[in-house]
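Atom set for the values below is all heavy atoms of this structure, side chains included, hydrogens, waters and symmetry mates excluded. Values in this document were obtained by computation on a predicted structure and should not be read as measured data. All ligand and atom numbering here is 1-based and tracks the order in the structure.
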Amino acid sequence: MRFGPSPGDASRFVSAWSDVAGVGRDHLRGGYSRHAFDDPEMQLRQWFAEQAQRRGLEVENDRNGNVWAWWGAPAPGAVVTGSHLDSVPGGGAFDGPLGVVSALLAVDELRVRGITPARPLALACFLDEEGGRFGLPCLGSRLLTGAADADHVRRLHDADGMSLADAARRVGFDPSTMGPDPARLATIGAFVELHIEQGRLLRAVDPAAVVGVASEIVAHGRWRLTITGQGNHAGTTAPADRADPMIPAAAAVLAARRALSGFDGAVATVGRIIPVPGGTNVIASAVSLWLDVRHADATVTAAVVDAIVADVRAEAAAEGCTVMVQRESMSDRVTFDPGLGLEISGRLGVPVIPTAAGHDAGVFAAHVPTAMLFVRNPSGVSHAPDEHADAADCVTGVQALADVLETLVGDINPAARHVGAGDE
Ligand code: GLV
Ligand code: MN
Ligand code: MN
């Protein structure tokens with residue numbers, strides 16, 4: 001990296017981070033719950049807009065619930081950086097907001113370096129990256145690029161039965177304008193997302209590395225299984241009279257775990273399960289559960305799902321239950337622009353690693369040269385309250401992002417640069 005982090009960089013990071021750290025804490029489940037269009041997420045959008053405006057950037061909402069802040073007028077060849085403000089339920093502080101905070105601070109860093117971008121630079125926050133509220137991840141980037149059908153998205157419901165269209169209207173967005181935005185996509189010359197690392201790979205590859213560059217995202221998807229049985233009394237129903245959908249649901253949980261050893265490199269998880277009606281002394285009439293399956297190869301991912309569903313169906317048949325399977329999302333394996341990734345890793349002197357986590361960058365990679373930077377996460381824990389990155393590492397991440405952006409946007413007047421202007 002060109003400049004080492006300085007005390008001024010550290011205090012800028014701590015100050016910006018303290019702005020977001022209190023928003024959306026989940027006192028029931030721990031961590032943070034910030035979901036698309038809910039109060040904490042809207043509060044963070046407002047904060048982002050204010051911070052961008054304070055930096056003289058032009059803020060706009062696009063047609064798909066994403067927020068943009070422009071340094072320079074939008075034009076083809078623009079360099080875009082950003083991430084998301086929503087979280088999983090009870091998630092960590094860093095997944096998403098670290099990329100947004102780092103984008104704002106990278107603008108400050110470029111100014112300290114005396115850069116005047118030769119290409120427009122945009123910061124962006126994308127709608128519902130986690131799919132925590134409406135079930136379909138990377139909603140904003142999928143809508144923008146046309147990877148999700150707007151009619152389907154408008155009809156998605158949250159757990160309380162509110163449609164995405166109504167949720168959008170409630171906070172002043174017009175859902176009727178959602179859909180592919182080829183004009184905006186055509187302005188993007190490159191996209192770079194900085195993110196906390198969500199595993200232990202960076203440390204395994206290079207224990208000293210603070211930052212890494214992504215090579216690829218494995219294929220991954222979500223399936224909803226609805227198992228229907230016969231609601232009944234927990235005490236008075238004889239074993240032979242039971243059609244309890246919790247039994248095949250339990251089989252799904254165990255089959256997902258078995259898949260970890262049965263399919264090399266695959267992961268399968270049941271992280272959400274809802275019995276209906278959900279009473280201690282009630283045999284459920286139905287159970288919904290969601291299966292998350294990932295493997296580098298999409299055909300293996302599909303084979304894992306088939307194996308788990310076969311086990312569930314067998315258990316359901318024995319129990320007198322039925323099973324309905326719906327694929328809610330699927331993302332094929334994504335390889336990030338190898339030229340850009342190698343160039344970045346060479347310049348920063350940092351390792352290249354794959355990831356099994358999904359990102360908006362994975363959606364953009366099909367359309368524009370895209371790269372991701374990962375910041376070290378000492379425990380590797382993510383999607384949980386213990387997710388953590390040290391402030392000093394986050395500052396190094398900002399420096400790395402600024403280095404990458406500096407190269408990508410160029411400088412209209414490099415001779416006039418006040419190199420190493422130092423701290424303010
Ligand atoms: C999002 O972070 C995911 O990998 O599901
Ligand atoms: Mn994320
Ligand atoms: Mn996430």
Task: ligand 1 N/O within reach of G358 N/O, cut-off under 3.5 Å - done: yes

Open item on the list: For the 3.5 Å polar cut-off, considering only N or O atoms, please tell me whether R294 and ligand 1 meet it.
Closed with: yes

Open item on the list: If you consider just the N/O/S atoms, which atom of H84 is the closest one to the Mn ion (ligand 2)?
Closed with: NE2

Open item on the list: Can you confirm whether or not the ring centre of F94 sits under 6.0 Å from the ring centre of W17?
Closed with: yes

Task: Centroid-centroid under 6.0 Å between H295 and F263 rings - done: no

Open item on the list: How about CZ on R55, more than 12 heavy atoms from neighbouring residues, nucleotides or ligands closer than 6.0 Å, or not?
Closed with: yes

Open item on the list: Heavy-atom count check: over 12 atoms from other residues, nucleotides or ligands less than 6.0 Å from D151 CG?
Closed with: yes

TODO: Heavy-atom contacts with A357 under 4.0 Å: which atoms of ligand 1 show up? List them by number with element.
DONE: 4 (O)

Task: Aromatic ring pairing H359/F374, orientation class (parallel under 30°, perpendicular over 60°, tilted between) - done: tilted

Task: atom 1 (C) of ligand 1 - nearest protein heavy atom and its distance - done: E130 OE1, 3.2 Å

- [ ] Report the nearest protein non-hydrogen atom to atom 2 (O) of ligand 1: residue, atom name, distance rounded to 0.1 Å.
- [x] H383 NE2, 3.0 Å

Open item on the list: Taking 2.8 Å as the cut-off, does H359 contribute an N, O or S atom near the Mn ion (ligand 2), distance below it?
Closed with: no

TODO: Rounded to the nearest 10 degrees, what's the angle OE2 of E130 makes with OD2 of D95 at the Mn ion (ligand 3)? Could you check?
DONE: 80°

Task: Euclidean distance, R142 CZ relative to L127 CG, rounded to 0.5 Å - done: 12.0 Å

